[in-house]
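First listed ligand is number 1; within each ligand, the first listed atom is number 1. We're numbering straight along the sequence, starting at 1. These values consider heavy atoms only, across backbone and side chains, with no hydrogens, waters or symmetry-generated copies.
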Amino acid sequence: EKGTYPHYMLKEIDEQPAVMRKIIQAYQNEQGDLTIDDDIIEALRAADRLYIIASGTSYHAGLVGKQLIEKMAEIPVEVHLGSEFAYNPPLLSERPLFIFISQSGETADSRAVLVKLKEWNYPSLTITNVPGSTLSREADYTLLLHAGPEIAVASTKAYTAQLAVLSIISYVVAQNKQIHHRFDLVQELGIVATAMEALCDAKEEFEKITIEFLATTRNCFFIGRGLDYFVCLEGALKLKEISYIQAEGFAGGELKHGTIALIEEGTPVIAIDTQRNVSGNIRGNVKEVAARGANTCLIAMEGNHNSEDRYVLPEVHEWLTPFISVLPLQLIAYYASLHRGCDIDKPRNLAKSVTVE
Ligand code: M6R
């Protein structure tokens, strides 16, 4: 139920800190350590390469998941769109494991891939919010998101829940392989939850940013590098699907390879800067578009920021920044849709779960 909220989307955005805490609990053992089933750890360790299959927002979570798994657990990962993989599969490694990421567990494009895999006898794991869903029943293993029902068509809390479960898998496998990282994921996810709360409390600020940058525009660009790039893809999808503003997310370094031609006087460009190693580069990209008249909005992480920034994100572990940098983009999409009088929870032409190929 929506309760006092005007829209499910806003309620679901607000639920994200609580979902983080719920996931931590759900994956903790009696000693308080993060854990997943031994069978799943074994399947992950037996694989020489993981293939993540997903669509839309879940695909964007997969792109971040690849980085988490490769960095923490040191297993190579490929991320594929279900609709592409099903008809043009890549050359597979010798011992692949397939990971399906799907909020609903019903996405037909992913299911088409699963059906093929089963013919080939490859193992599969589904990460889903819906126990008993098709992709969960048909895969060998399931990990649940514990995000509670997501009603709004625009996915929000499922995305951050997917990131959390992917980080837990990465961390648990790393420990099992005796790869020691100098942080405690339970603690880091707790810091994430608190940071999310601070952002949810700053809603008015994001409404102001939306009015300032997107009031009358027909298009909007999101730029970032590294993990921020993947969050930009998600921010652009969120904005276009509910506000119908044409939006594109891209890697800052790619601007000069084409997209910069689209920048005119007043074009909104939202830039994310959470990654220390590329902070100077993305700031350089912001200057390039500003020099061509773009209306630039820099969202930076505490520690990286300086006086020209429009919003400063509370600091979290450098690998977990997408968990929080996505919140401003979810809220900006929400307010853009609200101010344009769009149907926020049920955007035109879209369904919550896409059960046809
Ligand atoms: O249920 P799934 O996670 O498999 O759904 C995948 C996409 O259809 C979904 O993420 C879609 O892109 C959302 N509307 C995005 O907000």
Check your understanding: Can you tell me the protein heavy atom closest to atom 8 (O) of ligand 1 and the distance?
Key -> Val354 CG2, 4.0 Å
Practice item. For atom 16 (O) of ligand 1, grab the closest protein heavy atom and report residue, atom and distance to one decimal in Å. Key: Glu241 OE2, 2.3 Å
Point to revise | Lys352 and ligand 1 - part of the residue with a heavy-atom distance under 4.0 Å | key: neither
Practice item. Among all protein heavy atoms, pick out the one at the shortest distance from atom 1 (O) of ligand 1; state its residue, atom name and that distance to 0.1 Å. Key: Ser104 OG, 2.6 Å
Review point. Is the shortest distance from a heavy atom of Ser353 to ligand 1 less than 4.0 Å?
Key: no
Check your understanding: Does an N or O anywhere in Gln162 fall below 3.5 Å from an N or O of ligand 1?
Key -> no
**Study point:** Between Thr296 and Lys287: side-chain donor-acceptor atoms closer than 3.5 Å
**Key:** no
Practice item. Using salt bridge (charged side-chain N to carboxylate O under 4.0 Å, His left out) as the criterion, point out the one residue from Arg225, Arg283, Arg310 that pairs with Asp273. Key: Arg283
**Study point:** Heavy-atom donor-acceptor pair, Glu70 side chain to Val77 backbone, under 3.5 Å
**Key:** yes
Check your understanding: How close does the nearest protein non-hydrogen atom get to atom 6 (C) of ligand 1, and which residue and atom is it?
Key -> Ser55 O, 3.4 Å
**Study point:** Sub-4.0 Å atoms of ligand 1 with respect to non-hydrogen atoms of Ser58
**Key:** 2 (P), 3 (O), 10 (O)
Check your understanding: With a cut-off of under 6.0 Å to the ring centre and 45° to the axis, is Lys116 in cation-pi contact with Tyr87?
Key -> yes
Review point. Of all the atoms in ligand 1, which lie at a distance below 4.0 Å from a heavy atom belonging to Ala154?
Key: 16 (O)
Exercise for review: Can you pull out the closest protein heavy atom to atom 11 (C) of ligand 1? Residue, atom name and distance to 0.1 Å, please.
Suggested key: Thr57 N, 4.2 Å
Revision key, fill the gap. Connected to Leu350, directly or through other members, by ILVMFWY side-chain contacts below 4.5 Å are Val153
Revision key, fill the gap. The atoms of ligand 1 lying under 4.0 Å from a heavy atom of Ser102, numbered in the order shown, are 1 (O), 2 (P), 3 (O), 4 (O)
Point to revise | Side-chain hydrophobic cluster, 4.5 Å single linkage: members besides Leu114 | key: Tyr51, Ile53, Phe85, Leu92, Phe98, Phe100, Val113, Leu117, Trp120, Tyr122, Leu135
Exercise for review: Without swapping roles, check the side chain of Ser243 against the backbone of Leu239 for a donor-acceptor pair under 3.5 Å.
Suggested key: yes
Point to revise | For atom 5 (O) of ligand 1, closest protein heavy-atom neighbour | key: Thr107 OG1, 3.6 Å
Exercise for review: Look at atom 13 (C) of ligand 1 and find which of Leu237, Val130, Val153 reaches it with the closest heavy atom.
Suggested key: Val153
Practice item. Might you confirm whether atom NZ of Lys346 has over 12 heavy atoms from other residues, nucleotides or ligands at distances under 6.0 Å? Key: no
Revision key, fill the gap. Test side chain to side chain donor-acceptor pair (under 3.5 Å), reference Ser155, set Glu12, Glu150, Gln103, His60, output is Glu150
Check your understanding: Which bit of Lys238 is near ligand 1, meaning a heavy atom under 4.0 Å away: side chain, backbone, both or neither?
Key -> side chain
